[in-house]
Protein chains: 4
Amino acid sequence: MATSAAKTHDRAMAPGQAGSQAGSRTRPPTRAKGQETAERVRKAALKRFAASGYAAVSMREIASDVGVRPGALYNHFPTKQDILKDLMLSHMADLLAAWEASDLPGETDPLERFVRFHIRYHLERADEVFISYMELRNLEPENFRIIEAERRRYEALLTDILENGRSAGRYAAEDPKVTTRAIIAMLTGIPAWYREGGRLSERDIEELYLDLVRKAVAPEIPHGDRMA
Amino acid sequence: MATSAAKTHDRAMAPGQAGSQAGSRTRPPTRAKGQETAERVRKAALKRFAASGYAAVSMREIASDVGVRPGALYNHFPTKQDILKDLMLSHMADLLAAWEASDLPGETDPLERFVRFHIRYHLERADEVFISYMELRNLEPENFRIIEAERRRYEALLTDILENGRSAGRYAAEDPKVTTRAIIAMLTGIPAWYREGGRLSERDIEELYLDLVRKAVAPEIPHGDRMA
Amino acid sequence: MATSAAKTHDRAMAPGQAGSQAGSRTRPPTRAKGQETAERVRKAALKRFAASGYAAVSMREIASDVGVRPGALYNHFPTKQDILKDLMLSHMADLLAAWEASDLPGETDPLERFVRFHIRYHLERADEVFISYMELRNLEPENFRIIEAERRRYEALLTDILENGRSAGRYAAEDPKVTTRAIIAMLTGIPAWYREGGRLSERDIEELYLDLVRKAVAPEIPHGDRMA
Amino acid sequence: MATSAAKTHDRAMAPGQAGSQAGSRTRPPTRAKGQETAERVRKAALKRFAASGYAAVSMREIASDVGVRPGALYNHFPTKQDILKDLMLSHMADLLAAWEASDLPGETDPLERFVRFHIRYHLERADEVFISYMELRNLEPENFRIIEAERRRYEALLTDILENGRSAGRYAAEDPKVTTRAIIAMLTGIPAWYREGGRLSERDIEELYLDLVRKAVAPEIPHGDRMA
DNA sequence: TATGAATGAGGGTTCATTCAT
DNA sequence: TATGAATGAACCCTCATTCAT
């Protein structure tokens with residue numbers, strides 16, 4: 001599946017990303033054991049940040065989850081902030097890479113592709129998504145800028161789709177930028193309430209939201225039933 | 001205006017609510033000076049919580065904003081958690097009261113009324129709205145339950161509208177509960193990016209989102225232009 | 001005695017000094033109990049810094065000496081550095097104030113007055129003197145500048161004496177600035193080895209050093225006994 | 001030059017000394033590369049200790065200066081304390097060896113020889129001298145005793161000179177031990193303020209201090225100009 | 001109603017050192 | 001001989017909160 005490829009890709013990139021943060025006291029782990037520990041740190045921090053919020057999570061808690069003393073974390077990440085940065089950067093990189101790799105077979109409408117991709121990815125990676133929205137304000141300014149740029153890149157994908165669709169007469173989003181935000185907000189809200197095993201399957205959700213989105217940007221308003 | 005009536009109402013209730021929580025060690029302040037201080041605490045906490053998140057804000061910061069020593073805060077709120085609870089409870093009470101009071105003149109379609117009300121209220125009270133979404137996880141369980149109940153009451157307003165509209169054949173939301181969440185997520189996302197004085201006025205936003213919502217729940221898809 | 005007056009003076013000044021360090025989170029203690037604690041902190045820190053050096057002393061140790069939890073220290077001094085600064089500033093202020101107040105009865109020669117004053121004061125306040133020489137490098141740059149200026153003021157006292165004495169033909173210090181440093185280094189070295197109750201009394205020391213200093217700056221070398 | 005011979009001598013002895021300290025877990029390095037690294041460690045530690053003080057310098061900083069990971073330091077010195085001990089022992093050995101080797105041509109007065117030697121050596125090896133005075137208290141008791149013994153040996157050189165000179169009627173130091181300390185304190189203070197390229201050359205300093213010392217211990221006080 | 005002073009817990013981070021590789 | 005990874009202790013400091021005044 002697309003996203004698992006992305007996951008592999010991401011982890012393959014990670015050392016490069018970490019290496020690019022010049023001046024940090026902590027080199028990225030190079031030995032197998034260190035790489036494993038670093039990955040466990042990422043996973044523990046992700047879970048904790050998603051559950052309690054960055055500010056409410058202590059390095060001691062993360063260390064305890066990982067099964068290591070607090071000081072050992074600093075062999076892998078120079079600061080707590082860097083763990084957050086790493087998680088958010090990886091997430092955005094994964095997300096964009098997964099989009100590139102997502103070529104749902106038999107689908108031709110790009111809007112449908114985007115909606116399905118977004119829902120699936122966001123349900124699958126709920127924690128990453130969650131902290132990427134919630135912890136933006138806990139990023140230091142420079143990190144914030146980087147993440148914001150990635151986010152805009154992602155949103156531009158949908159804006160392009162809407163604009164192209166409008167030129168082609170397929171959709172009628174009056175203001176593609178606003179519509180982009182509206183659709184993304186709508187879709188991104190799903191993981192906040194969706195629970196597996198509930199009344200609706202993931203596919204049900206996809207269909208329902210796809211229908212809402214399609215109609216919202218449909219080129220024409222049906223005959224006599226405008227409201228008000 | 002509707003909301004100012006609500007505000008009065010809310011403030012009148014708030015001490016009573018606080019007093020009713022069993023075990024509260026702090027008497028509600030009764031003198032004018034104390035009420036003023038309490039209000040300044042609420043305002044300072046609101047700004048800070050919205051800007052940095054509950055966990056990242058210290059009582060010292062709030063006290064400093066208010067112009068008082070930390071210890072003095074405890075004459076007005078028994079704990080930091082109670083400040084958060086107070087803000088969120090007031091917000092939900094205000095929101096529902098404002099809805100009751102909102103009778104936009106000349107409007108007849110309830111969905112339009114809801115959309116316009118929600119956008120206006122959420123842009124006007126962006127900080128309250130923001131913390132009400134962001135700080136849910138920092139509420140103690142009982143407080144969380146109370147807030148969640150209020151939130152569901154508010155969402156039920158829209159669900160009812162959608163269900164009634166469907167019965168009447170005016171809208172065609174296949175799954176009104178899901179559609180409610182979709183619409184509310186969409187609308188609630190606005191304050192995250194909307195800036196006064198930007199390209200679009202608040203009224204422009206209202207029209208654009210109203211159009212999206214109307215079409216999304218429109219009863220029929222026009223003739224031959226389905227996507228794909 | 002001169003120095004006890006100075007001590008009183010110093011403590012009377014201290015709040016003013018502390019108050020002048022704008023922006024610090026910690027106000028100088030205002031209530032009697034707080035003033036007492038602050039004084040105990042100063043004393044404990046002085047002893048510890050003199051014994052082990054600033055860098056090797058922990059706030060925990062100071063707190064423990066004072067009989068208080070570490071956090072309580074921060075009600076009196078914003079940082080560890082501020083304790084050091086306070087000690088060194090007070091010392092220099094005390095020293096200069098004590099010089100002003102030192103009017104040894106019956107003495108007329110200013111060089112003698114200086115030598116006796118310096119030896120007495122430095123033996124009496126050995127800890128303050130010691131940290132003022134040893135911990136200069138642990139002062140933050142601005143604090144360092146302040147202390148250095150005070151030190152130069154003190155040294156200038158002796159330089160003036162030597163220059164005036166040279167004009168008057170009483171002494172023959174060829175280079176009064178260098179001679180100042182030489183004399184002060186010589187005298188300041190005393191507390192490093194002098195122990196009360198040893199072979200020599202404090203007065204013995206005074207006489208011995210006074211003799212060395214007098215001869216060193218004596219205007220003429222006696223007849224034929226130059227060395228070499 | 002005298003001191004470079006001493007330097008060679010010292011370095012030749014140092015490993016042996018280190019090896020002779022019972023219980024040392026670290027074999028003295030035998031291969032060329034290790035010896036080089038050990039020397040770089042000494043140099044880096046010397047600079048850092050002189051600049052910031054033993055307690056304020058971390059093994060990580062030293063390792064970083066050397067271009068090596070902290071763990072590698074322990075191949076050369078068993079503990080941080082041993083680096084300090086090594087530096088101070090070497091310094092004292094060097095100093096005494098340099099004195100032995102110092103036979104300034106044409107000089108006959110031993111006091112002049114001592115003064116010139118001391119000033120030159122202390123200006124040339126300012127860092128070693130500095131830490132040997134400043135870091136005494138950071139030596140473990142046994143190391144302290146060793147260093148103190150060496151220091152007394154050095155001071156005894158001057159005391160002997162003064163005593164012999166007094167017997168011979170050349171000088172008149174009333175209390176040779178006190179005078180020794182006075183002179184050494186005076187001379188040792190020079191590197192604290194002397195800067196190359198300043199108003200005075202090293203030779204100027206020598207002459208000025210030599211003059212002060214000579215007069216201070218001159219056998220007679222010139223006729224009528226006693227002070228007071 | 002507010003303050004100054006304290007507590008006890010815990011925050012992120014650094015430390016000297018060890019040791020398998 | 002050097003490294004990467006870990007330990008366990010300690011670092012300075014901040015926290016929410018209490019309480020006598």
Side-chain angles (χ1 to χ4, degrees), chain A residues 25-38 55-63 67-76 78-81, chain B residues 25 27 29-34 36-38 55 57-63 66-76 78-81, chain C residues 25-38 55 57-63 67-76 78-81, chain D residues 25 29-34 36-38 55 57-63 66-76 78-81:
Chain A
R25 291 151 308 174
T26 308
R27 250 154 303 291
T30 55
R31 297 225 266 245
K33 193 182 175 193
Q35 297 221 17
E36 250 175 62
T37 303
V57 173
S58 74
M59 293 296 267
R60 281 161 172 84
E61 287 167 334
I62 296 170
V68 114
R69 303 296 168 141
L73 298 180
Y74 293 83
N75 287 327
H76 305 282
T79 68
K80 186 185 170 192
Q81 168 78 198
Chain B
R25 286 151 309 171
R27 288 143 294 142
T30 51
R31 286 201 281 224
K33 192 180 176 191
E36 246 177 62
T37 303
V57 173
S58 73
M59 293 296 267
R60 279 162 170 78
E61 288 168 330
I62 296 170
V66 172
V68 113
R69 302 303 174 123
L73 298 180
Y74 293 84
N75 289 322
H76 304 281
T79 69
K80 185 184 170 191
Q81 169 77 202
Chain C
R25 290 151 311 174
T26 307
R27 251 154 303 291
T30 55
R31 298 226 265 246
K33 193 181 174 193
Q35 297 221 19
E36 250 175 60
T37 303
V57 172
S58 74
M59 293 296 266
R60 283 162 170 80
E61 288 167 333
I62 296 171
V68 113
R69 304 298 168 135
L73 298 180
Y74 294 85
N75 288 327
H76 305 282
T79 68
K80 186 186 170 190
Q81 167 79 200
Chain D
R25 288 152 309 172
T30 50
R31 287 200 282 224
K33 192 181 176 191
E36 246 177 62
T37 303
V57 172
S58 73
M59 293 296 267
R60 279 161 171 79
E61 287 167 331
I62 297 170
V66 172
V68 113
R69 300 306 174 119
L73 298 180
Y74 293 84
N75 289 323
H76 304 281
T79 69
K80 185 185 169 191
Q81 169 76 202

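Chain letters run A, B, ... following the sequence lines, proteins first and then strands; every chain starts at 1. The figures that follow rest on heavy atoms only: side chains count, while hydrogens, waters and symmetry mates do not.
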- Message: OP1 or OP2 of E:dG4 versus the side-chain N and O atoms of B:Arg69: is any pair under 4.0 Å?
- Response: yes
- Task: Map C:Ala72 and A:Leu73 onto DNA chain F by nearest heavy atom, then report which one ends up closer to the 5' terminus.
- Result: A:Leu73
- Note on the structure: DNA chain F nearest-nucleotide lookup for B:Pro70 and C:Met59: closer to the 5′ end is C:Met59
- Query: With a non-hydrogen cut-off below 4.0 angstrom, is A:Gly34 in contact with a base, only sugar-phosphate, or nothing?
  - Reply: sugar-phosphate
- Query: Looking at A:Arg31, does any N or O in its side chain come under 4.0 Å of the phosphate oxygens OP1/OP2 on F:dA5?
  - Reply: no
- F:dT17 C1' sits how many Å from B:Asn75 CG, rounded? 13 Å
- Item | N or O in side chain of A:Thr79 less than 4.0 angstrom from E:dG12 OP1/OP2 | no
- Item | Side-chain N or O of D:Lys80 closer than 4.0 Å to phosphate OP1/OP2 of E:dA16 | yes
- Query: Under 4.0 Å: is that the gap between some side-chain N or O of A:Thr37 and OP1 or OP2 of F:dA6?
  - Reply: yes
- Query: With a 4.0 Å cut-off on heavy atoms, is D:Val66 in touch with a base, just the backbone sugar-phosphate, or nothing at all?
  - Reply: nothing
- A:His76 side-chain N/O to F:dA6 phosphate OP1/OP2 under 4.0 Å: yes
- If you check the A:Arg60 side chain, which of E:dA6, F:dC11, E:dA2 turns out closest? F:dC11
- Note on the structure: Closest heavy-atom pair, B:Met59 versus B:Thr79, reported as atoms and distance to 0.1 Å, is CE-C, 4.4 Å
- Item | Under-4.0 Å side-chain N/O to phosphate OP1/OP2 contact, C:Ser58 with F:dC11 | yes
- Among the nucleotides E:dT3, F:dT17, E:dT13, which one has an atom lying closest to any side-chain atom of B:Tyr74? F:dT17
